Amino acid sequence: MKNAVGRKMSLLLVLLLSFTMVLSACGGGGNTPKNEPPANTGGNNQGAANEGSSNENLSPLELALKGEYKGTKVTMFGPFVDADQVKFESSIKEFEEKTGIDIQYEGSKEFEATINIRVDGGNAPDIADFPQPGLLASIAKTGKVIDLTNILDQDKLKANYNQSWLDMGTMDGKDGKILAGIWNRSNVKSLVWYPKKQFEEAGYKIPETWDEMMALTEQIAKDGDPAWSIGIESGAATGWTATDWVEDIMLRTTTPENYDKWVNGELPFTSPEVKRAVEIMSDIWMNKDYVYGGTKSIVTTAFGDAPAPMFTDPPKAWFHRQGNFITSFFPETAKVDEDYDWFYLPSIDEEYGKPVLVAGDIYAMFNDRPEVRAVMEFFTTGESIKTWVQSGGVIAPMNDASLDWYSSESDRRMAKLVQDASTLRFDGSDLMPGKVGAGTFWKGMTDYVSGTASLDDALKQIQSGWDN
């Protein structure tokens, strides 16, 4: 009997213990130890939680490529129209398809006149493309441009751009310096074009220094030809070609800081530095034996017609200093790397290294939303301009743009020149106020070259644009 009772008691205890364990298993969450995660009862939700936590370390561009901003729109306003607009829209098409972000681009030939009106009227686009950073600088001072310093990863920018690009994008904001924009497309100006095939047949060698270039200029003159073909006629814009020459020489004869002061009006045109630059230019321009048609022809020759004497057979002139856009004015039958090529306009004072004069497009941000940040980050990558680079005529300012993308050896060398430049500076007249850069500077240089003003008088005339 005692054994029977004992067995019953043992059985009862087992049943009670089993019941307690069942209750514990069913009851709940409140007893779950704090250091252990709750059981995963919803696989999809848990996956979303893990994805959310990993997204915290992703940049806006990376999030965009994961589809986070699909269905959003980003407005953009700029000067690209016609063929350039087609090339631009082709360059962003793949990004739009991958991210689902619709970049709504609007191009206008009246961009410069319109952008101020839109910004002042509270109708600014999310992103604007400024071909003239001076115009962006004037708007940045109003405080209406978003500072990109804390928007974009500065370490990535420094790795992907020559520091000079970042310096040129840093401007005065309403309350101090800001990173007002990032560069997406560039044109190179420090180039001397020449008829490659005939040049080599004549036994001429590419000059590596300014002195070598001047010696070759003299040799070509002795051989019976003027070396240089130059034209500055451009309708109401006559004279701008001369300003490019002065800017290039300024970069080769004084410090980048002095160049910046000159552009900002702190170093006057009447200073010894500026006068010396024009005098060096004059060693070529004012020598009738060095210029096709003589000095007087410079003012009456349209800038687009100036290269033509290089393409006669035999050439009537051998050198033409101009930006890479000038190839659009070359004969359609002329082939790059075969019929024509370029060399770097040589340094003058070795201490200033190998500077390069550039122009290009700087993109600024006016509205801060995640998808806008993603598009701005995209525009700092070489990928954003790849198809445009492949089509020719454009140089990417980013270091991650592969040299293999370029369709010609000429363009590849140009891209490498920009990447390796000791100093990059933007076209000075485009940075100056319009009444100077596109006013007295153009006219003063034209008057000097035409002989209607002495050098000193011309420089005083140009400076009056600042003084007034």
Side-chain angles (χ1 to χ4, degrees), residues 55 57-70 72 74-76 78 80 84 87-105 126-131 133 146-170 179-188 358 360-365 368-407 411-412 414-416 418-421 424:
N55 284 353
N57 297 320
L58 298 182
S59 71
L61 176 57
E62 291 168 330
L63 289 171
L65 292 171
K66 290 171 69 71
E68 289 290 320
Y69 311 129
K70 185 177 181 179
T72 59
V74 173
T75 60
M76 187 169 177
F80 299 143
D84 278 346
K87 289 182 178 181
F88 171 75
E89 291 177 341
S90 295
S91 71
I92 61 175
K93 183 178 179 180
E94 185 176 351
F95 171 82
E96 291 179 299
E97 292 173 347
K98 285 182 177 179
T99 64
I101 298 175
D102 180 13
I103 301 176
Q104 298 183 334
Y105 176 79
D126 294 326
I127 299 170
D129 166 16
F130 290 84
I146 292 175
D147 185 1
L148 300 176
T149 303
N150 296 317
I151 300 291
L152 299 173
D153 187 318
Q154 298 302 298
D155 289 335
K156 288 183 179 178
L157 290 181
K158 290 177 181 178
N160 209 28
Y161 285 92
N162 182 307
Q163 183 61 40
S164 290
W165 288 115
L166 303 182
D167 292 342
M168 290 189 293
T170 301
L179 182 59
I182 49 93
W183 298 90
N184 185 257
R185 188 184 76 143
S186 67
N187 297 306
V188 186
V358 296
D361 297 87
I362 184 170
Y363 294 176
M365 178 173 162
D368 188 4
R369 302 190 308 279
E371 61 270 24
V372 183
R373 291 188 177 202
V375 174
M376 286 296 289
E377 186 180 350
F378 170 64
F379 283 140
T380 68
T381 67
E383 194 68 28
S384 69
I385 200 173
K386 180 178 180 179
T387 61
W388 204 335
V389 165
Q390 291 172 328
S391 70
V394 168
I395 302 300
M398 311 86 166
N399 295 332
D400 68 342
S402 173
L403 296 179
D404 293 335
W405 295 348
Y406 293 91
S407 58
D411 281 355
R412 274 189 288 275
M414 214 175 292
K416 192 73 167 60
V418 171
Q419 291 179 3
D420 295 344
L424 291 166

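Values below: all heavy atoms of this structure, side chains included; hydrogens, waters and symmetry mates excluded. In this text, all values refer to a predicted model and were calculated from it rather than measured experimentally.
V188 has its side chain within reach of V418: a pair of non-hydrogen atoms, C-beta onward, lies under 4.5 Å apart. Residues Q163 and L166 form a side-chain contact, since some pair of their non-hydrogen atoms from C-beta on lies under 4.5 Å apart.
Note that CD1 of I103 is 4.0 Å distant from CD1 of I92, once rounded to the nearest 0.5 Å. Separation of atoms OH (Y161) and CE (M168) is listed at 11.0 Å; rounding is to 0.5 Å. In this structure, K70 NZ and I101 CD1 are separated by 12.0 Å, a value rounded to the nearest 0.5 Å. Rounded to the nearest 0.5 angstrom, I395 CD1 and M398 CE are separated by 12.0 Å.
Within 6.0 Å of the CG atom in D420, the count of heavy atoms belonging to other residues, nucleotides or ligands exceeds 12.
Salt bridge R369/E371: present, at least one basic N to carboxylate O contact under 4.0 Å.
For Y69, there are no ring-ring contact (aromatic ring centres under 6.0 Å, His included) partners, not counting sequence neighbours. Applying the ring-ring contact (aromatic ring centres under 6.0 Å, His included) test to W388 and every residue at least two apart in sequence or in another chain returns F80.
Evaluation of the side-chain hydrogen bond (donor to acceptor under 3.5 Å, both in side chains) test over residues 179-188, restricted to residues two or more places apart or in two chains, returns N184-Y363, N184-S384, R185-D361.
N399 places a side-chain N or O within 3.5 Å of a backbone atom of A159 that can act as its donor or acceptor partner. Side chain of D126 to main chain of M76: no donor-acceptor pair is present (N/O by atom type, distance under 3.5 Å, no hydrogens or angles). E89 places no side-chain N or O within 3.5 Å of a backbone atom of K87 that could act as its donor or acceptor partner. One N or O on the side chain of Q154 and one on the backbone of T149 form a donor-acceptor pair closer than 3.5 Å.
Among T170, L157, V358, the single residue meeting the side chain to side chain contact (heavy atoms under 4.5 Å, CB included) criterion with W165 is V358.
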